Amino acid sequence: MSMRELGEWTVRDAGFREADVLANGNRMLIGNGYLGYRGTVEEADASDMAATIVSGLYDRYGDKWREPVNAPNALSVRLVAPGDEPLTLRSRLLASHEQALDFRYGVWSRNTSWKVDGVTVTVKSERFASMDSPHEMLLRYTVETDGKIALRMQRGIDCAVRDINGPHLGAFEFAGTGGDLEVTCKTLELGIPLRVRSAAATDFPAAPAEPAPPKKGEACFRAEYLLDCLPGISYSLTVYAEVSAGSDPDAGMFAPRVGPFDGMSGEFRYREALARHKAAWDAVWADGDVEIEGDDAARRALRYSIYHLQIIAPRHSRDLSIPARGLSGQTYKGAIFWDTEMFIAPYFLVTDPEVAKRFIRYRIKTLDGARRKAAEYGYRGAFYAWESQESGDDACSHFNVVDVFTGRPMRTFFRDKQVHISADVAYAIREYVESTGDWSILDEGAFEVLVECARFFMSYAWYSPTRRRYEILDVTGPDEYHERVNNDAFTNRMALLVFDTLLEYADGLEKRGSSLPAETYAKTGFLDELPLLRDMAENLYVPSPGPNGVIEQFDGYYALEDASLAEVRSRLLDPKEYWGGGNGVATNTRVIKQADVVLMLNLFGDEYDGAVKKANLGYYEPRTEHGSSLSACMYSLLSCETGDSAWSYPFFRKTAEIDITGESKQFAGLIYIGGTHPAANGGAWISASRGFCGFAVAGGEIRLAPRLPAGWTKVSFTARVRGVRHKITVTKDGYTVC
Ligand code: BGC
């Protein structure tokens, strides 16, 4: 049985429980934007889902899904007791185990003991993925005993990694001496080279046996130390690991600053790297922190969420984005969804706008992929991938869910019909320009993205001659349980935003004397389409509130069965059953998966009054399953707007604690979808800052409207707006901005 304890900056788990291996892999993930390393112990292997995920590196095996590559594990260490007895967490000799994450500095640690023939063997270790030098990870591993015992310590690079849809690596080459091992290999699909180095220094005299490249059937390149342990003496190993890939951006620019040891002792090298790592984290927190006073649990949960955002921020690159499960593994194909633009970007936009800019550059870089997708479906312009990888081609399969009853893949329409993704990209561009005042992103290609996204919706919409308006038919909105619907309120409003933004920015650029609009129109042949764009911007239908203030989510939604959430849930025959699709329990009812109209009301809050917001919250919340981690934060935010912070608070906590509790959906049908939840991590920040503090940026000005929940006495955070860094403090009834 394990026991979780939370400190001001720590998550600690004591004891061993099989189910916690996967959960702690996510919960105690470390990373630095370049790579993510799961929170498993050193002796963990493929069955524990040990993983090193390199940002932006994907591979396809056979005709299976493309997914991120899991690199060989450079921090593998095993301890073997006499009689060839491996000391693992599952060993009958295990006496105690504790592992922890310090989320202020991204340092993972453990303290584990085994009782071997009356002798207590204890391993203490600590590791981090350098925030200062993205290719580097360091580990310090110490063995102590209270009696005499001979142990074998094996450390090396474990190439037998677990893949969901692998294997992904081949052409392995092994080189090195016992102290410095190196594995080079190539991805199978594109032949991208990957190099993993693992150098070690010991502060005990035993020399490692010369490593032998793995024999057939073995996958770990290992060096072995024979330790004749004496009571009370510590035997420490320092491992310096370095991972680099042919796909790395700006190769060489981020080369490690210091060699593995450069004549330093293991301990010295570890301390030196740790000090640089911590200084880099201090700089991150200086702008990235939110301090909540009066509510310890909320403060901790929000900081923990921010930690998870920071360890996946692609600072090392110019144009990478963030996958929906961060760098926590291979689920969701390591793909970038709308999660980044709508839920993650808002945090970076004001704490580190350069990171938010990378997300936009990523969409500029993948514009051709979006053009290809539009053309594939017979549309014009840019239809961004629902699940996007390095080229922008859609990684989302037509059969994205497996039916629990038949084991057959189910046809889903996420890829074909979640057209709002192209509007979400445009929305993020607009938010970036409005908040930073940095129009240069438009020159970098974002203006062309706007043109192509507008063009996509222009070709997707149709004109209803009888209703005399443009409509958008056959789409799936954020609520994925209702596929292929007409006039989804969120989608239509977002498409209008694309049209308006393009017209406004073209005008703004021209007024600044920029030739960018003219050049882009000439390049894309859009000039002739401008009159149509103006007409569509004026006559696109956006559903409005009915007499009771509620906005119908899509045409015909009210005609669906109005069964309660409990009733719909009770109809499940299997807990892993998919609620949507052709025949899901929610499909023909009004039960929705996640915030949809409510999300729209948050984004366009100035266009709707308090009564409409209240009416929609009251209507949709009881009908929302919150089957996506993107949902609760949006209900939290809107209820702050309507003045109900008390009602909002549990939604905030649920969002902010999702990766601490690990209580989230782990399956969609039979597909494993576990991992960390960056969108919820970002949603927690949105709900604390925009919700409880009423923080907003309009016309380059900061707006605040304090509505702190019970207990909160003060919230402080940093916001960079239009190039100026502001320190914001919000109290129950006031605020300061300096
Ligand atoms: C949600 C999507 C989201 C995706 C990735 C799905 O369950 O419905 O809105 O983009 O997960 O987080």
Side-chain angles (χ1 to χ4, degrees), residues 26 65 67-68 305 308-309 312 321-345 359 363 384-389 394-397 400-402 410 412-425 427-428 475-483 485 488 490-491 494 553 576-581 584 586-587 591-600 602-603 620 624-635 655 658-659 663-684 686:
N26 300 318
W65 285 342
E67 64 184 11
S305 301
H308 273 288
L309 290 175
I312 53 175
S321 193
I322 289 185
R325 288 288 179 268
L327 300 175
S328 64
Q330 294 168 315
T331 36
Y332 276 149
K333 309 171 188 108
I336 289 109
F337 290 62
W338 70 315
D339 302 34
T340 312
E341 279 75 15
M342 308 305 285
F343 296 84
I344 300 170
F359 304 154
R363 295 300 190 179
Y384 274 92
W386 181 242
E387 299 185 12
S388 187
Q389 298 174 335
D394 210 323
C396 186
S397 103
N400 230 25
V401 172
V402 175
M410 283 166 65
T412 47
F413 291 88
F414 310 139
R415 181 190 203 273
D416 322 58
K417 298 296 169 190
Q418 274 195 77
V419 297
H420 67 80
I421 179 68
S422 286
D424 306 329
V425 170
Y427 172 83
V475 304
T476 303
D479 160 29
E480 292 182 338
Y481 291 163
H482 296 94
E483 297 186 315
V485 301
D488 173 65
F490 172 86
T491 306
M494 289 294 283
Q553 190 174 296
K576 287 185 187 159
E577 204 179 318
Y578 184 57
W579 289 47
T587 305
V591 166
I592 63 173
K593 180 177 181 185
Q594 65 201 88
D596 193 308
V597 170
V598 164
L599 169 57
M600 180 187 84
N602 280 324
L603 300 181
Y620 282 110
T624 306
E625 189 233 344
H626 298 294
S628 159
S629 61
L630 282 51
S631 191
C633 57
M634 287 300 129
Y635 282 87
T655 304
I658 187 166
D659 288 327
E663 282 159 16
S664 62
K665 259 198 187 167
Q666 300 292 303
F667 286 90
L670 285 181
I671 311 266
Y672 175 66
I673 56 168
T676 57
H677 297 80
N681 304 149
I686 292 176

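Note that ligands are numbered from 1 as they come in the structure, with each ligand's atoms numbered from 1 the same way. As the structure is a computational prediction, the values presented were derived from the model and not from experiment.
For E341, the side-chain hydrogen bond (donor to acceptor under 3.5 Å, both in side chains) test picks out R363, with sequence neighbours left out. The side-chain hydrogen bond (donor to acceptor under 3.5 Å, both in side chains) test applied to H677 returns D659, S664, not counting sequence neighbours. For H420, the side-chain hydrogen bond (donor to acceptor under 3.5 Å, both in side chains) partners two or more places apart in sequence, or in a different chain, are Q418, D424.
The shortest heavy-atom contact between T655 and A632 is OG1-CB, 3.5 Å. Among all heavy-atom pairs drawn from I673 and R325, the shortest one is O-NE, 2.8 Å. Closest of all the heavy-atom pairs between F343 and A679 is CB-O, 3.6 Å.
The 4.0 Å heavy-atom shell around ligand 1 contains residues A324, Y332, F337, W338, D339, W386, E480, K593, Q594, S628, L630, ordered by chain and number.
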